[in-house]
Amino acid sequence: MADQQIFRGTAVSSGIARGVAYVLTFADRAAVPCRSIEPSEVEGEIARLETALVKAERDLLALSKEVAARVGTDEAEVFAAQALVARDHVFLGQVVGIVREHRVNVEAALAEVVEKFTRTFDQIPDPYLRERAADVRDVGRRVLAALTQHDGFDPTEIPDGSILVVDELLPSAAALLDIGRVRAFVSDRGGKFSHTSILARSMRMPAVTSLTDVTLAIKTGDELIVDGVSGVVFVNPDEIVQREYTRLEAELRGYRADLQKVVDLPSVTLDGTAVALLANASKLSDTEAACLYNADGIGLYRTEFGFSVRTTFPSEEDQFEILERAAARVHPRKIVLRLLDIGGDKELSYMPLPPSRNPSLGQRGVRLLLRHPEILLAQLRAFLRVSAQHPVSILLPVVGGLDEVREVRAVIGRAMGQLTAEGRAFNPRVEVGAMIEVPSAAVLATALTREVDFLSLGTNDLVQYVLAADRENETVAEQYRPHHPAVLHLIHSVATAARQASCPLTICGEMAGAPEYTELLVGLGLRAFSVAPGEMLEVNNAIRQVTLSEASALAAEVLGFGSVAEVEAALERRRPARPAAAAAAESTSTTPKPVAGAPPLT
Ligand code: PEP
Ligand code: MG
């Protein structure tokens, strides 16, 4: 058996999984299967490459002709030049060399050569020549598509019981994973607050990210243990580690069984204050889980995941059908349907967005929807139709201030007018709320309360915008701190504004699902939490250990601090008890010290 290796990264979705590695890289967003091959397979692989290169060259020359006829000969040159790359003997020679020497499949070798060429181009001072890197990548992608016969991601090719090892998992690919087939995923890149990580938590799929170059170190077929509690990945674990994890798994199972007893208990503080506990959902199965855990309703239904698993825009009818089923499942409890939040790290393959150096500061959420009134109108009509039968509210993402609220309200009015004219039923008093996730909206919370029916604190984005730390960028993960004093002050001021205006406020960012923050958030004035279904029991458990007076004292103390370290020290003093095995795993030399804000243990 190969030697054990240990990698440490960021634990983004807790739980422990064992399985066999399946390595995939998403170079340029096309999935590249990587595997070792037998010596007898080498010639067959090279023949596949040659066929694919011939096809790529033929397609490029045809494309060049077509562009010459439709656009112009200068433009056509681009594709003629790309055809030369496909025929280039240095390129071919390098791919063949890697297949022969490293005994890997041709797709893996191709990805490596494209990466190498791209890096070389990137270092050329001449900007024109530097830009040619994109052509090499383009040719690489085309050859890859010819090799794999498709350029999409097909999760059914992943063997049952696999642990997916990827460079970066995009939310659209993550949404296609089947928890029965894929037990966990580990990746080179990605942070705790990315949409992929949120999705992993909602699927209860253990995941560890920010494991630089793990796709190069792990081979398809390696045995893995993924510890999504402490962020450690064991490759070909030795017997001691295997035994230790068998014991840890049994203890965590016991801990979960204990927590399960909390399921029927109300979410009230020790001194009797009720705290609403709702669930975040992205798909129908989440509503099922929310009901199992006795959620008070769905506090945030992210509609974008339903869009990202399709290849074209869902029609109003398609949207209505899915949302109606979700609302019916939680009826008579309420469901908060959020308008499509595309942009930032969430893209749709069929809706290309203008290139942006900084997509989080570009077109996203309502700003994008208001530029595409047909998409907004169809979605609002679907939401309104669901409201005819079920308690639905409409939530606006990435609101910057009152202007966007007014503009969306005008479109809601238009949708209501159309539905009335068509004789279709809807709730004319449907509630409309705004996400507070952009600092300007947090500052204007009082003004917003006058024109919306409720507010929802989206700390995932609020933290990134307040602290100027991209939620997707692991190099600034140190700066991305939900418990930064500046964030806590804003949360406190929004909670105060909402209370003074008697405007309902829910917190639905990932911070709400981390039990180490529960007491502080209650102290800051939050009385409604919306969290991933898998986090509900732990948060309920935490709520039931809070007393209002202690929570307020903690909040008052923390609001006096100006440093993250001081807040961490205060939170650490009040850290909830953890199961023995998990605590032991955290303190072994193989695991990093957890920081306040690490995900809960289930
Ligand atoms: C948030 O920003 O906190 C939020 C809930 O929205 P999302 O994570 O979908 O951007
Ligand atoms: Mg957000």
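In listed order, ligands and their atoms are each counted from 1. All values derive from a computational prediction rather than experimental measurement.
In this structure, CZ in F313 is found 9.5 Å from CD in Q379, a value given to the nearest 0.5 Å. Atoms CG and CZ, from L521 and R527 in turn, are 10.5 Å apart once rounded to the nearest 0.5 Å. L337 CG to I394 CD1: the interatomic distance, rounded to the nearest 0.5 Å, is 7.5 Å.
Remark: R481 engages E568 in a salt bridge, criterion side-chain N to carboxylate O under 4.0 Å. Salt bridge status for D470 with R357: absent, with no side-chain N to carboxylate O gap under 4.0 Å.
For G299 against V336, the heavy-atom pair with the smallest separation is O-CB, 3.4 Å.
Close contacts of ligand 1 with R302, meaning ligand atoms under 4.0 Å from a residue heavy atom, involve 4 (C), 5 (C), 6 (O), 7 (P), 8 (O), 9 (O). For ligand 1, the atoms closer than 4.0 angstrom to any heavy atom of C508 are 5 (C). Atoms of ligand 1 lying under 4.0 Å from at least one heavy atom of R471, given by number and element, are 2 (O), 7 (P), 8 (O), 10 (O). Those atoms of ligand 1 that come under 4.0 Å of a heavy atom in R364, given as number and element, are 10 (O). Atoms of ligand 1 lying under 4.0 Å from any heavy atom of L300, numbered from 1 in the order shown and given with element: 5 (C). Atoms of ligand 1 lying under 4.0 Å from any heavy atom of I198, numbered from 1 in the order shown and given with element: 8 (O). Near G509, with a cut-off below 4.0 Å to any heavy atom, the atoms of ligand 1 are 3 (O).
At a 4.0 Å heavy-atom cut-off, ligand 1 touches N460 through backbone and side chain alike.
Here the side chain of R201 pairs no donor or acceptor atom with the backbone of A532 at under 3.5 angstrom.
Counting protein heavy atoms only, atom 7 (P) of ligand 1 is closest to H195 NE2, 3.4 Å. Protein heavy atom closest to atom 6 (O) of ligand 1, with residue, atom name and distance, is R338 NH1, 2.9 Å.
Of the listed residues (M435, E510, E437, E304), the one carrying the non-hydrogen atom nearest atom 2 (O) of ligand 1 is E437.
The number of protein N, O or S atoms lying under 2.8 Å from the Mg ion (ligand 2) is 2.
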Might you work through the salt bridge (Lys or Arg N to Asp or Glu O under 4.0 Å) test for R573 and E557, ending with a clear yes or no?
CA-CA 13 Å; R573 284 197 292 277; E557 180 193 8; 3.1 Å; yes
Under the side chain to side chain donor-acceptor pair (under 3.5 Å) criterion, do Q479 and H484 qualify, and how do the steps go?
CA-CA 9 Å; Q479 280 71 41; H484 189 289; over 6 Å; no
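Side chains of T25 and D167: no donor on one and acceptor on the other come within 3.5 Å. Side chain to side chain, T475 and N473 meet the donor-acceptor criterion of an N or O pair below 3.5 Å.
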